Amino acid sequence: MNTLLSEKPEYASIRLPEGVDEQALLLRSLMNVREPNDINPEFLRLQDEELSFQREGKGIVKADDFGGSPADPRLCLWQGDITRLEVDCIVNAANSQMLGCFIPLHGCIDNAIHSAAGIQVRLECYAQMQKFGREAHTAEVISARGYNLPARRILHVTGPIVTNADGPTDRQRKELQACYANCLVEAENEKLESIAFCCISTGVFRFPNAEAATIAVDTVRAYFQQHLQSGIRKVVFNVFKDEDLHIYRRLLGYGL
Ligand code: AR6
């Protein structure tokens, strides 16, 4: 913590809170706002110790233990915090900068994933984006290690931003479809056998939930129909809100 607090003169007035929960929130906030600059190995050692403690506290959930949905044993549904999932890769709903959310303690999934994985993810994504020399296009996938997550890899993808009050355009529907398809292709290329998708674009980016879920499930089903030799054996639809749980239950054939 002291390493991060010493990085900016304006942090000089911040006093370390006494409670461990408050200290964890301060650490997360400092991680969230931190620019992707190098950091000393001792900080990383202590950060990793703290994040693995938090990971065990939240409890790891193994995707391998999930049963499949009635219509397709490869497709499963799980409601909860994606940072708890032990799976070959999780999909992050990122933005075109691909550096994670900079708003301290924000409730988006990008913030949750970067905060639980550690500052190494921002550093790795930054190095990749420097090579790109531009922001990521919508539906383009950037793959990084999972670091302190139970997931091995994180596939970062930026979904379409719905700005029109009438709902998404056809182009935005295709872009959302491409997010799911491109992540499956990336997982296949990296020989990752299990993948957990979040509900891309349905939060801050305002894509309507039911339509987004239909695109997600249809795209995954179409992928399996077109790739009979696919090495992907499990796709988890990870929902967070009850609204999405009900929508996906219906789409995956669980009944009401
Ligand atoms: N685990 C699983 N799902 C979650 C979690 C979590 N811990 N937290 C939220 N969700 P959003 P977007 C769900 O807004 O709409 C960020 O600031 C949430 O309920 O995170 O694609 C990025 O940096 C919703 O269903 O992503 C971008 O700027 C889903 O994750 C922007 O938001 C996506 O909601 C991306 O917006």
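In listed order, ligands and their atoms are each counted from 1. The first residue of the sequence shown is numbered 1, and numbering continues consecutively from there. Keep in mind the model is a prediction, meaning the values are calculated, not measured.
- Checking Gln120 against Asp48 by side-chain atom types alone, a donor-acceptor pair falls below 3.5 Å.
- A donor-acceptor pair shorter than 3.5 Å cannot be found between the side chains of Glu135 and Asn95.
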If you look only at distance, which donor and acceptor atoms sit under 3.5 Å apart when one is on a side chain in residues 216-223 and the other is two or more places apart or in another chain?
from, atom 1, to, atom 2, distance (Å)
Thr219, OG1, Ile215, O, 2.5
Arg221, NH2, Leu251, O, 3.1
Tyr223, OH, Glu188, OE1, 2.4

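- For the 3.5 Å distance criterion, the side chains of Asn111 and Ser115 qualify, holding a donor opposite an acceptor.
- Ring orientation note: the planes of Phe66 and Trp78 are close to parallel, at an angle under 30° on the 30°/60° scale.
- The distance criterion of under 3.5 Å between nitrogen or oxygen atoms is met by Ile82 with respect to ligand 1.
- Under a 4.0 Å heavy-atom criterion, Gly107 is in contact with ligand 1.
- Applying the ring pair (Phe, Tyr, Trp, His ring centres under 6.0 Å) rule to Phe207 yields no partners; only residues at least two apart in sequence or on another chain are considered.
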Hey, mind stepping through Lys62 and Asp64 against salt bridge (charged side-chain N to carboxylate O under 4.0 Å, His left out) and telling me if it holds?
CA-CA 5 Å; Lys62 294 181 189 221; Asp64 272 347; over 6 Å; no

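- Interface atoms of ligand 1 facing Asp244, defined by a heavy-atom separation under 4.0 Å, are 25 (O).
- In terms of protein heavy-atom proximity, atom 33 (C) of ligand 1 is nearest to Cys199 O, 3.3 Å.
- For atom 4 (C) of ligand 1, the nearest protein heavy atom (residue, atom name, distance) is Phe240 CG, 3.5 Å.
- An N or O contact shorter than 3.5 Å links Gly203 to ligand 1 by distance.
- With a 4.0 Å heavy-atom cut-off, ligand 1 is reached by the side chain of Asn238 but not by its N, CA, C or O.
- Looking at atom 22 (C) of ligand 1, its nearest protein heavy atom turns out to be Asp110 OD2, 3.6 Å.
- Residue contacts with ligand 1, taken as heavy atom pairs separated by less than 4.0 Å, do not involve Asn209 at all.
- If you check each of Ile109, Thr202, Val239, Val157 against atom 25 (O) of ligand 1, the one with the closest non-hydrogen atom is Thr202.
- Contact analysis leaves Thr83 out of contact with ligand 1, as no non-hydrogen atom separation drops below 4.0 angstrom.
- The shell of residues lying under 4.0 angstrom from ligand 1, judged by heavy atoms, includes Ser201.
- Under the 4.0 angstrom criterion for non-hydrogen atoms, Cys198 is not in contact with ligand 1.
- Aromatic ring centres of His114 and His156: separated by under 6.0 Å.
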